[in-house]
Trainee: 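First the structure, then my questions, so here it is.
All ligand and atom numbering here is 1-based and tracks the order in the structure. Residues: numbered from 1 along the sequence shown.
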Amino acid sequence: MTMRFRPVRGMRDLLPDEARGLIRLFDLSRRLASLYGYEEVILPTIESYELFAAKSGGEIKERMYTFTDLGGRKVVLRPEATASVARIVASKMLGYPKPLRLFYIVNLFRYDEPQKGRYREFWQAGYELIGSGRALADAELIEMLSRFMEMAGLRDHRFKVGHVGVHRALMGIFKVPEHEQDDVLGFIDRDQWDEAMKILSSYPAELRDVLTGLASVKGGMDKVFEEAWEQLSRYEPALRELERLREILRYAVMLGVPRERLFIDMGFARGLAYYTGVIFECYSHLRVALAGGGRYDKLISLFGGPDMPATGFAIGLDRVHLAQVEAGVSYEDRTFKALVVLAGEDERVVRLAGEALRALRGKMGARAVLDVSARSIKRAFSYASAQGYDYVVVVGRREAEKGVVSVKNMKTGVQVEVPVEELPERLPD
Ligand code: HAM
């Protein structure tokens with residue numbers, strides 16, 4: 001009996017053509033990390049349920065892949081990675097000099113409804129800056145994300161920026177406990193204002209009025225701050241947070257983010273409950289966010305560490321790839337691909353093929369593949385042509401005697417003999 005399988009709903013097989021785009025983004029995000037001095041960490045896929053239960057926010061918590069392992073522990077497939085980083089910092093990295101700059105590439109799992117740009121397993125590159133509470137740290141991250149989008153060829157990107165510190169300060173004035181603040185922000189994130197206001201119904205109406213009034217304040221930097229200032233003038237702690245937001249954005253512009261890319265929305269909240277200050281998302285022509293992040297100053301102490309300010313963001317790499325495909329962004333690919341085919345397999349031939357492969361691979365990025373199948377040269381050529389190889393390199397006994405290889409340019413059909421030490425400089429046009 002045969003059995004046929006396909007991926008479980010929401011899971012994807014990525015064949016070479018689909019995987020390639022994503023892998024290039026892994027490379028790009030690593031390059032960004034090294035340009036800005038972020039060090040890579042490798043994080044576990046499975047974490048304890050409690051790590052996310054407290055501060056992930058209702059929406060993400062309800063959609064976690066949760067199960068009991070064979071040892072009876074309640075565990076989850078990670079729905080995000082900031083909590084893991086905070087756990088590691090709180091438990092293992094307290095002695096490291098601060099600020100710490102950490103970077104990761106992770107696959108994540110959320111039981112979201114599958115649709116365009118929304119998968120149940122997806123990939124993020126994340127950057128966390130830990131141990132600095134300064135506005136400059138948040139500004140660095142916004143500029144870095146902008147740089148990533150530029151490098152990825154998405155020049156039309158823009159930021160949506162908010163600051164939950166303002167909302168928390170307002171609720172703090174009216175003595176709303178932190179868990180209720182989290183719930184209110186969670187509902188605002190889902191645009192369920194009625195639910196959010198229901199939680200606040202036992203507090204003075206003034207709080208609900210100022211929060212709803214604030215939500216209509218949105219736009220460019222100059223206009224928004226003036227309007228928000230007016231609305232918050234009587235609430236000193238909230239004003240201080242607003243001033244902080246202005247400082248962050250001014251620094252971001254000084255570091256090189258064009259100010260017209262920054263769109264401020266004072267009614268903006270994000271699904272994760274650990275945010276305490278600035279929050280942001282990045283968009284291009286796709287309707288879904290390409291990346292998101294913000295400041296989370298209390299997560300490390302929640303996990304048993306000292307009070308330690310932190311800020312960060314994560315890029316949804318699948319979505320960036322989708323945006324690139326739709327926008328027709330193509331990376332310039334200067335590398336070529338060569339198939340090295342053996343005619344005969346005696347020692348001299350195999351050695352020469354080895355030399356040719358090393359010479360081709362030795363230089364920047366040339367992809368050289370050894371044909372390990374025992375097919376005829378003719379079949380090897382048709383295979384190479386179907387697979388889009390740029391060159392076929394034939395190594396046989398005749399070539400081995402002369403110390404040369406025969407190289408054919410598959411596009412032009414030109415074939416020449418090249419001394420192996422002149423590879424890859426001398427390739428036929
Ligand atoms: P997040 O906004 O939940 O933040 O996710 C960041 C990005 O991951 C989103 O903007 C989106 O591009 C991508 N993403 C989320 N869900 C899906 C999905 N179902 N399918 C495809 N892509 C998706 C975080 O995860 C925070 N840990 C970011 C952070 C780091 N905050 C501070 N540091």
Trainee: More than 12 foreign heavy atoms under 6.0 Å from CZ of R375: is that the case here?
Mentor: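 Above 12, so yes.
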
Trainee: Do me a favour and list the nearest non-hydrogen protein atom to atom 11 (C) of ligand 1 with residue, atom name and distance?
Mentor: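 Among all protein heavy atoms, the one nearest atom 11 (C) of ligand 1 is R319 NH1, 3.3 Å.
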
Trainee: Grab the two heavy atoms, one from V329 and one from A152, that are nearest each other, plus how far apart they are.
Mentor: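 So the minimum-distance heavy-atom pair works out to CG1-O, 3.4 Å.
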
Trainee: Please check if any side-chain donor atom of E206 sits under 3.5 Å from a side-chain acceptor atom of Y235, or the reverse.
Mentor: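 Result is yes, a qualifying pair exists.
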
Trainee: Where is the nearest protein heavy atom to atom 33 (N) of ligand 1: which residue, which atom, and how far?
Mentor: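 Checking every protein heavy atom, the shortest distance to atom 33 (N) of ligand 1 gives E128 OE1, 2.9 Å.
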
Trainee: Using side-chain contact (heavy atoms from CB on, under 4.5 Å) as the criterion, list what pairs up with Y49, not counting sequence neighbours.
Mentor: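 side-chain contact (heavy atoms from CB on, under 4.5 Å) list for Y49, sorted by chain: A53, K61, M64, T66, K74, V76.
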
Trainee: For ligand 1, which atoms have a heavy atom of G312 less than 4.0 angstrom away?
Mentor: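 So the atoms of ligand 1 that pass are 30 (C), 31 (N), 32 (C), 33 (N).
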
Trainee: Are V166 and L245 close enough that some pair of their side-chain heavy atoms sits under 4.5 Å apart?
Mentor: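 Result no, sub-4.5 Å side-chain heavy-atom pair not found.
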
Trainee: Flag this pair as yes if the NZ/CZ of K337 is under 6.0 angstrom from the six-membered ring centre of Y389 and inside a 45 degree cone about the axis; otherwise no.
Mentor: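 K337 over Y389 ring: yes.
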
Trainee: Hey, looking at atom 31 (N) of ligand 1, which of Y275, Y119, F280 has the closest heavy atom?
Mentor: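 That would be Y275.
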
Trainee: Nearest 0.5 angstrom please: R9 CZ to Y111 OH, how far?
Mentor: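 Answer rounded to 0.5 Å: 7.0 Å.
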
Trainee: Does atom CZ (R379) have a neighbourhood of more than 12 heavy atoms from anything else shown, all under 6.0 Å?
Mentor: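 Open: at most 12 neighbouring heavy atoms sit under 6.0 Å from CZ of R379.
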
Trainee: Say whether L272 and ligand 1 are in contact under the criterion: heavy-atom distance to a ligand atom below 4.0 Å.
Mentor: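 Contact check L272 vs ligand 1: positive.
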
Trainee: Considering only heavy atoms, does D112 approach ligand 1 within less than 4.0 Å through its side chain, its backbone, both, or neither?
Mentor: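 Looking at D112 and ligand 1, just side chain atoms fall under 4.0 Å.
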
Trainee: Evaluate Y274 for polar contact with ligand 1, using N/O atom pairs at a separation under 3.5 Å.
Mentor: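 N/O-N/O distance under 3.5 Å: yes.
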
Trainee: Checking a contact table here: which protein heavy atom is nearest atom 18 (C) of ligand 1, and how many Å away?
Mentor: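 Scanning the protein heavy atoms, the shortest distance from atom 18 (C) of ligand 1 goes to F122 CD2, 3.4 Å.
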
Trainee: Heavy atoms only: give me the nearest A215-K218 pair and the separation to one decimal.
Mentor: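 Nearest heavy atoms, A215 then K218: O-CE, 3.4 Å.
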
Trainee: Using a 4.0 Å heavy-atom cut-off, say whether Y111 meets ligand 1 through its side chain, its backbone, both or neither.
Mentor: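 No part of Y111 is near ligand 1 at this cut-off.
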
Trainee: Give me the nearest non-hydrogen protein atom to atom 28 (C) of ligand 1 as residue plus atom name, then the distance to 0.1 Å.
Mentor: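 For atom 28 (C) of ligand 1, the nearest protein heavy atom is G292 O, 3.4 Å.
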
Trainee: Counting only heavy atoms from other residues, nucleotides and ligands, does the tally under 6.0 Å from NZ of K98 exceed 12?
Mentor: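 Yes, enclosed.
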
Trainee: Looking only at protein heavy atoms, identify the closest one to atom 30 (C) of ligand 1 and say how far it is in Å.
Mentor: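 Its nearest protein heavy-atom neighbour is T82 OG1, 3.0 Å.
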
Trainee: Tell me whether L290 has any N or O atom under 3.5 angstrom from an N or O of ligand 1.
Mentor: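 Yes, at least one N or O pair falls under 3.5 Å.
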
Trainee: Is there a nitrogen or oxygen of G293 sitting under 3.5 Å from a nitrogen or oxygen of ligand 1?
Mentor: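 No, no N or O pair falls under 3.5 Å.
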
Trainee: For W123 and ligand 1, answer yes if some heavy atom of the residue is under 4.0 Å from a ligand atom, otherwise no.
Mentor: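 Checking ligand 1 against W123, which is what was asked, there is no heavy-atom contact under 4.0 Å.
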
Trainee: Under 3.5 Å, is there a donor-acceptor pair linking the side chains of E128 and T82?
Mentor: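 Judged by distance alone, the side chains do pair up.
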
Trainee: Which residue supplies the protein heavy atom nearest to atom 6 (C) of ligand 1, what is that atom called, and how far is it?
Mentor: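 Here the nearest protein heavy atom works out to Q124 NE2, 3.1 Å.
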
Trainee: So which of R78, R110, R120 actually passes side chain to side chain contact (heavy atoms under 4.5 Å, CB included) with Y65?
Mentor: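 Looking at R78, R110, R120, the match for Y65 under the side chain to side chain contact (heavy atoms under 4.5 Å, CB included) is R120.
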
Trainee: Got an N/O contact under 3.5 Å between Y127 and ligand 1?
Mentor: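 For ligand 1, there is no N or O atom that lies under 3.5 Å from one belonging to Y127.
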
Trainee: Among all protein heavy atoms, pick out the one at the shortest distance from atom 21 (C) of ligand 1; state its residue, atom name and that distance to 0.1 Å.
Mentor: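 Protein heavy atom with the smallest distance to atom 21 (C) of ligand 1: G117 O, 3.3 Å.
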
Trainee: At a non-hydrogen distance cut-off of under 4.0 Å, which region of E281 contacts ligand 1 (side chain, backbone, both, or neither)?
Mentor: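 The answer is neither.
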
Trainee: Would you say Q115 has more than 12 foreign heavy atoms packed within less than 6.0 Å of its CD?
Mentor: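 Yes, CD of Q115 has more than 12 neighbouring heavy atoms, counting only those of other groups under 6.0 Å.
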
Trainee: Of all the non-hydrogen atoms in the protein, which one sits nearest to atom 1 (P) of ligand 1, and at what distance?
Mentor: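 Its nearest protein heavy-atom neighbour is R270 NH2, 3.6 Å.
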
Trainee: Is it the side chain (CB and beyond), the backbone, both or neither of L108 that lies under 4.0 Å from ligand 1, heavy atoms counted?
Mentor: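 Contact part for L108 vs ligand 1: neither.
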
Trainee: For A289, take its heavy atoms, then give the atoms of ligand 1 lying under 4.0 Å from any of them.
Mentor: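 Near A289, the atoms of ligand 1 are 10 (O), 11 (C), 12 (O).
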
Trainee: Is there a nitrogen or oxygen of R118 sitting under 3.5 Å from a nitrogen or oxygen of ligand 1?
Mentor: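 N/O-N/O distance under 3.5 Å: no.
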
Trainee: Using a 4.0 Å heavy-atom threshold (strictly under), name the region of A291 that reaches ligand 1: side chain, backbone, both or neither.
Mentor: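 Contact part for A291 vs ligand 1: backbone (N, CA, C, O).
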
Trainee: With ring-ring contact (aromatic ring centres under 6.0 Å, His included) as the test, pick out the partner of Y274 among Y296, F52, F303.
Mentor: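 Output: one option passes, namely Y296.
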
